[in-house]
2 protein chains.
Amino acid sequence: MSPARTDHDSRRQDVSEAVWQVLAEHGFGGLTMRAVAAALGSSTGLVTHYFAGKRELIAHALDILEERTAHRPRRAAPAPGLAALRTQMLNILPLTPAAAAMNRIWVGSWDVALSDPDLFAAQSLRYERIRAGLRTSIEEAQQLGEIPDVDPGRLATMVLSFTHGLVVQALFDPERLPAATQTRLVDDFLAALTRETA
Amino acid sequence: MSPARTDHDSRRQDVSEAVWQVLAEHGFGGLTMRAVAAALGSSTGLVTHYFAGKRELIAHALDILEERTAHRPRRAAPAPGLAALRTQMLNILPLTPAAAAMNRIWVGSWDVALSDPDLFAAQSLRYERIRAGLRTSIEEAQQLGEIPDVDPGRLATMVLSFTHGLVVQALFDPERLPAATQTRLVDDFLAALTRETA
DNA sequence: CCGTACATAACAAACGTTTGGCATGTACGC
DNA sequence: GCGTACATGCCAAACGTTTGTTATGTACGG
């Protein structure tokens, strides 16, 4: 009807960015309308103008979380199969400051998501999608003979378990687990996987 | 000194229990003085009488977390080495409702701990202690020739990574990951570990 | 009495949300 | 092309609620 005089989507993304910034610094416990407005240098009115309420703010933040994980400035998968799987794992891990911020938010979201039915369902779906992506690479690897032919779904769960657990430890002890060490652990894990018998 | 007409420590533990209950149901985001008092069927005055403030409440909750993790009604380790390691992993996983509640609180504490320097340090220490426990079993297993002789510290990190990641997935998808499935994943993981070359 | 145990109630601060208003743009009959 | 009509962007302020904390009062065993 009446085109916005300022780009609505662009401005909305500015708000998203502010939300992101607050979450990275103070976690979900510190996410308030005023904090977002302050990070944006605006009033709380602006925030509610683009997001109906705090609930929508959180939901949107979690959406961005998944989207950024998927479309990360990713190392291009050098090859299908096992190499692609390795790349997917590395793309999740906090190997860079930006990735660390993302993971901090991710881990922080679990407390909220575990107590809110809607967010819980959404989060469960997200993990299912991630596992599906891993599973694709696993099946490719199996066809290439790089991984023994055990149930790919179970393998995907194992891979995601290992990766997520490593994320948590890396966040709480970044000095002990720098990027190089994380990468090596991933390689050790994958080496163990490929040796598993069918 | 203490004309205790009620046992101070006992009452204090009642408050702890109420804190536990609130955390299990609503997470750290829902932990308030009034919620604790309500769960206890008392006033907030009672709560503040035993814990100076919310901060102490949280700190105490995390202490309980570690203590309960340590003194879990644990399956006795059937044998040293690999069997003990397996038992330790199973003792962490949410295989029972009580263990699930504990893990839910544990996972939820990460958001708070990641944004509070004191809690962060305390949490890092806790994980180091857990890894130390795992490492002991790993070294035993290595002496028994059950696990190849790679750096036990790195192995402990891998084991904890896998276990914690599995905890998170199990919490978000309990139907897909019942106790039996979790146990099987642990066995698969350990089987892969033992085949790793030195 | 005195100190512990707790309830009651008040408090300021912070919270999410709503509202009124002032701009500033587009749409359109004329 | 111009003025009215209306939608959008955003601020400032206020709303009522909930928060953590503190002060005051009552009951009672020693």
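Scope of the values below: all heavy atoms of this structure, side chains included, with no hydrogens, waters or symmetry mates. What you are looking at is a predicted structure, and each value in this text was computed from that prediction instead of being measured. Reminder, nothing fancy here: chain letters follow the sequence lines and each chain counts from 1.
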Does A:Arg11 have a side-chain nitrogen or oxygen under 4.0 Å from the phosphate oxygens OP1 or OP2 of D:dC10?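 True: A:Arg11 side-chain N/O within range (under 4.0 Å) of D:dC10 OP1/OP2.
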Please check the phosphate of D:dG9 (OP1 and OP2 only) for any side-chain N or O of A:His49 closer than 4.0 Å.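 For D:dG9, OP1/OP2 do have a side-chain N/O of A:His49 under 4.0 Å.
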Think B:Arg68 forms a cation-pi with B:Trp20, using NZ or CZ under 6.0 Å from the six-ring centre and within 45 degrees of its axis?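 That pair qualifies as a cation-pi contact.
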Roughly how many Å is it from [atom1] in [X] to [atom2] in [N], rounded to a whole number?
X	N	atom1	atom2	result
B:Tyr50	C:dA5	OH	C1'	6 Å
A:Asp14	D:dG9	CG	C1'	13 Å
B:Leu57	D:dT19	CG	P	14 Å
B:Gln13	C:dA5	CD	P	16 Å
A:Arg12	D:dC10	CZ	P	13 Å
B:Leu46	D:dG20	CG	C1'	16 Å

Between C:dC6, D:dC11, C:dT17, spot the one nearest the side chain of A:Ser43, thanks.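 Minimum distance to the A:Ser43 side chain belongs to D:dC11.
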Does a side chain donor of either B:Thr194 or B:Glu146 reach within less than 3.5 Å of an acceptor in the other side chain?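 Side-chain D/A pair, B:Thr194 to B:Glu146: absent.
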With a 3.5 Å cut-off and no angle check, do the side chains of A:Arg104 and B:Ser115 form a donor-acceptor pair?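 A donor-acceptor contact under 3.5 Å links the two side chains.
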Look at atom CZ of B:Arg55 and say whether more than 12 heavy atoms of other residues, nucleotides or ligands are closer to it than 6.0 Å.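 Not buried by this count: 12 neighbours or fewer within 6.0 Å.
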Near A:Arg129 CZ, under 6.0 Å, is it more than 12 heavy atoms from other residues, nucleotides or ligands?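 Buried by this count: over 12 neighbours within 6.0 Å.
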Is the shortest side-chain heavy-atom distance between B:Leu134 and B:Glu139 below 4.5 Å?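 Not touching, per the 4.5 Å side-chain cut-off.
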For A:Thr44, report the nucleic acid contact type (base, sugar-phosphate, nothing); a contact means any heavy atom under 4.0 Å.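 Base contact - A:Thr44 has a heavy atom under 4.0 Å of at least one base atom.
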Summary of protein contacts for nucleotides 11-16 of chain C, nucleotide by nucleotide, where a base hit scores B, a sugar-phosphate-only hit scores S (4.0 Å, heavy atoms): ----BB
